[in-house]
There are 2 protein chains.
Amino acid sequence: MTKQPTTEEKLKVFKALADPIRLEVIHYLNGLDQAVSCGEIGQAMHISKTSGSYHFKILQEAGLITVQKVAREKYVKLDRSTFDEYLTHFWQNV
Amino acid sequence: MTKQPTTEEKLKVFKALADPIRLEVIHYLNGLDQAVSCGEIGQAMHISKTSGSYHFKILQEAGLITVQKVAREKYVKLDRSTFDEYLTHFWQNV
DNA sequence: TAAATAGTTCAAAAACATTTGAACTATTTT
DNA sequence: AAAATAGTTCAAATGTTTTTGAACTATTTA
């Protein structure tokens with residue numbers, strides 16, 4: 001009884017997954033399983049702040065991460081429900 | 001006990017899924033659940049032969065479809081084991 | 001054997017995604 | 001209050017993907 005994703009939404013998710021840096025970020029977040037600051041992830045991935053900002057935005061707009069601002073930092077974690085909806089339950093929406 | 005996909009392989013699959021025409025092809029093939037000729041799919045998607053050829057190659061190289069040549073036609077169907085490995089079982093490989 | 005059909009290949013053009021560095025905002029520390 | 005830190009925004013440059021049309025191969029039909 002939960003709404004079917006549109007093609008636009010699916011595209012956003014698959015495009016977000018179709019990049020090596022973003023797959024690495026997902027892997028990193030999955031390993032830690034807690035909110036981590038953008039800066040920490042950026043350092044671990046060896047990318048610039050600007051590039052990090054760009055990639056986090058894409059992951060966020062796809063719904064793959066959630067973001068929480070704490071003082072001057074942003075903490076990020078995986079939104080597993082989105083992975084489940086688009087990947088694990090892929091055949092439910094195809 | 002089955003080999004972990006490499007980052008390259010995952011990227012190929014997610015890139016293949018990150019396109020509206022290819023998602024439509026997958027949807028079409030899923031509905032029919034049988035091998036269909038490239039020409040028939042191309043007509044149903046309203047794309048040129050050249051564009052069809054390009055997209056089928058990408059889906060094939062990602063392992064998302066299998067292709068069988070019969071006389072001068074090519075028949076295509078979904079390879080569900082690849083969808084299962086990369087999507088349904090996403091968390092096993094992340 | 002000539003014409004038609006199914007699909008491929010190639011290179012150029014067009015469209016789209018990513019990176020870069022500088023300038024910026026907001027917050028925290030000294 | 002000044003300096004430092006976390007992150008964003010912008011436009012330009014670079015890189016990658018997709019589309020296009022013409023020429024091609026292989027097979028089938030007339």
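Protein chains get the first letters and strands the later ones, always in sequence-line order, with residue 1 at the start of each. Hydrogens, waters and symmetry mates play no part in the numbers below; they use all other heavy atoms, side chains included.
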Report task. Give a yes or no on this: more than 12 heavy atoms of other residues, nucleotides or ligands lie within 6.0 Å of atom CD of Gln92(B). Result -> yes
Query raised in the report: Is there a chain of hydrophobic side chains (I, L, V, M, F, W, Y, each step under 4.5 Å between heavy atoms) that links Val13(B) to Ile21(B)?
Result: yes
Requested in this report: State whether Glu9(A) and Lys3(A) are salt-bridged, where the test is any N-O pair (Lys NZ or Arg NE/NH1/NH2 against Asp/Glu carboxylate O) under 4.0 Å.
Outcome: yes
Query raised in the report: Looking only at side chains, do Glu40(B) and Tyr28(B) share a donor and an acceptor under 3.5 Å apart?
Result: yes
**Report entry** N or O in side chain of His55(A) less than 4.0 angstrom from dA17(C) OP1/OP2
**Finding:** no
Query - Euclidean distance, Lys77(B) NZ relative to Asn30(B) CG, rounded to 0.5 Å - result: 13.0 Å
Query raised in the report: Once you round to the nearest 0.5 Å, how far does OG1 of Thr2(A) lie from NE2 of His89(A)?
Result: 10.5 Å
Requested in this report: Please figure out whether Arg72(A) or Ser37(B) has its closest DNA chain C nucleotide nearer the 5' end.
Outcome: Ser37(B)
Query raised in the report: Which part of the nucleic acid, if any, lies within reach of Ile47(B) when heavy atoms closer than 4.0 Å are counted: base, sugar-phosphate only, or nothing?
Result: nothing
Query - Rounded distance [0.5 Å steps], CG in Asp84(B) versus CZ in Phe90(B) - result: 14.5 Å
Query raised in the report: Just how far, in rounded Å, is P of dT19(C) from CE of Met45(A)?
Result: 14 Å
Query raised in the report: Residues from residues 9-23 of chain B sitting under 4.0 Å of DNA chain D, heavy atoms only?
Result: Lys15(B), Asp19(B), Ile21(B), Arg22(B)
Report task. Would you kindly confirm whether Tyr75(B) and Met45(B) end up in one hydrophobic cluster when ILVMFWY residues are joined by side chain heavy atoms under 4.5 Å apart? Result -> no
Report task. Using chain A heavy atoms and a threshold of under 4.0 Å, write down where along DNA chain D the contacts begin and end, 5' to 3'. Result -> dA4(D) to dC10(D)
Query raised in the report: What nucleic acid atoms does Lys49(B) come within less than 4.0 Å of, heavy atoms only: base, sugar-phosphate, or nothing?
Result: base
